[in-house]
Amino acid sequence: MVLISSTNPQYKEISTRRRIASIFNKREDDFPSLREYNDYLEEVEDMTFNLIEGIDVPAIEAKIAKYMEENSEQIMINRARKAEELAAALAASKEIPTQTETDGEPGSSSQGGFSITSQGQYAPTIAGGQPRPTGMPPQPVPLGGGLDMQHIDDEQMMKLRAERGGRAGGWSIELSKKRALEEAFTSLWV
C-alpha cells in the first residue's frame with residue numbers, strides 16, 4: 001500500500017509536474033516552428049526536474065512567478081481551451097447534443113458560451129465571432145450524466161450496462177464467437 005503524503009517522492013513528482021503543466025501549457029501551434037516548441041518543452045522539463053530534485057528552487061520559483069505574471073491571460077485561455085476540448089470529448093463519448101444540434105429546440109437555451117440541453121447537460125460551444133472572456137479564471141463545466149435515465153426501463157438499462165461493461169473490459173461479441181468456434185473444433189476427434 002502506497003501512502004500519499006508530501007514525503008512520498010512519487011507524490012512530490014506528480015504534484016510538481018501537474019503544477020508546472022498547468023502553468024506552462026502552451027501547445028505546438030502557439031509557436032512559429034517546431035524547433036522553438038521543442039526548446040520550450042526542454043526548458044520546462046529542466047525546470048520540473050530541478051524542482052523535483054531540489055536544485056536551485058528559489059531561482060526557478062522566481063522564474064515561474066515572472067512567467068505567470070507576464071502570461072496570465074495566455075495561461076487562462078489555454079486552460080479554458082483544454083477544458084472545452086475535454087468537455088467536447090466527453091460529450092462525444094456520451095453522445096450529448098451540442099449547441100448546433102439543440103438550436104431551436106424547446107427546453108434548450110444558450111448562455112455564456114455553453115448550451116443547456118433539454119436534459120440539463122452543459123456542452124461547450126465554439127463561437128466563431130464570440131470572444132472568450134479574459135482576465136478571469138475559467139468557469140467550471142458540469143460533467144457527468146449522459147443518458148436521461150428516466151426514459152429507460154430497468155431491463156434496457158441492465159442490458160446497456162452489461163454491454164458497456166463488457167466493452168470496457170475488452171470483450172466483444174466477435175471475440176466470444178471466435179472462442180466458441182475454436183473450442184468446438186478443438187474438441188473434435190477425427
Side-chain angles (χ1 to χ4, degrees), residues 13-45 48 64 67-68 70-153 156-174:
E13 180 174 358
I14 291 170
S15 63
T16 302
R17 287 191 179 280
R18 282 185 182 158
R19 181 177 146 235
I20 296 298
S22 72
I23 297 167
F24 294 92
N25 56 7
K26 289 185 179 179
R27 298 177 181 199
E28 186 177 347
D29 52 316
D30 294 332
F31 293 89
S33 70
L34 180 61
R35 177 71 179 171
E36 290 180 26
Y37 176 63
N38 286 335
D39 290 343
Y40 168 79
L41 291 178
E42 188 173 344
E43 182 181 356
V44 170
E45 182 59 31
T48 305
I64 292 171
Y67 180 84
M68 286 177 60
E70 292 173 355
N71 299 299
S72 62
E73 186 173 324
Q74 184 67 31
I75 291 169
M76 288 298 150
I77 289 171
N78 287 342
R79 285 180 183 170
R81 182 169 61 175
K82 183 176 181 181
E84 286 175 356
E85 289 171 356
L86 288 173
L90 180 67
S93 70
K94 294 194 177 204
E95 299 176 309
I96 298 171
T98 60
Q99 181 181 4
T100 55
E101 295 170 358
T102 59
D103 283 345
E105 275 186 23
S108 71
S109 64
S110 177
Q111 178 180 11
F114 292 93
S115 65
I116 304 171
T117 63
S118 58
Q119 293 118 354
Q121 296 289 327
Y122 287 82
T125 60
I126 301 173
Q130 185 178 22
R132 290 187 182 170
T134 58
M136 62 179 133
Q139 297 298 313
V141 179
L143 302 174
L147 294 175
D148 189 8
M149 302 300 170
Q150 297 170 350
H151 300 295
I152 300 176
D153 65 357
Q156 286 179 328
M157 190 60 181
M158 289 175 59
K159 286 180 183 179
L160 185 62
R161 283 186 180 165
E163 179 185 332
R164 285 185 177 176
R167 279 189 286 165
W171 179 86
S172 69
I173 193 123
E174 292 81 22

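Numbers here are sequence positions counted from 1.
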Practice item. For the pair Ile23 and Arg79, evaluate side-chain contact (heavy atoms from CB on, under 4.5 Å) and give the outcome as yes or no after the intermediate values. Key: CA-CA 9 Å; Ile23 297 167; Arg79 285 180 183 170; 4.3 Å; yes

Check your understanding: Can you list the residues that meet the salt bridge (charged side-chain N to carboxylate O under 4.0 Å, His left out) rule with Arg19, with sequence neighbours excluded?
Key -> Glu61

Check your understanding: By side chain to side chain contact (heavy atoms under 4.5 Å, CB included), which residues pair with Thr16, not counting sequence neighbours?
Key -> Lys12, Ile20, Thr48, Leu51, Ile52

Practice item. For residues Ile75 and Glu70, determine if any side-chain heavy atom of one lies less than 4.5 Å from a side-chain heavy atom of the other. Key: no

Practice item. First locate atom CG of Asn25, then atom CE of Met76, and finally report the distance between them rounded to the nearest 0.5 Å. Key: 9.0 Å

Check your understanding: With Glu28, which residues qualify under salt bridge (charged side-chain N to carboxylate O under 4.0 Å, His left out), at least two apart?
Key -> none

Review point. What residues form a side-chain hydrogen bond (donor to acceptor under 3.5 Å, both in side chains) with Gln74, not counting sequence neighbours?
Key: Asn78

Revision key, fill the gap. Contacts satisfying side chain to side chain donor-acceptor pair (under 3.5 Å) that involve residues 29-39 (not counting sequence neighbours) are none

Revision key, fill the gap. Contacts of Arg27 meeting side-chain hydrogen bond (donor to acceptor under 3.5 Å, both in side chains) (sequence neighbours excluded), chain-then-number -> Glu85

Check your understanding: OH/Tyr40 to CD/Glu45 distance, rounded to the nearest 0.5 angstrom?
Key -> 12.5 Å

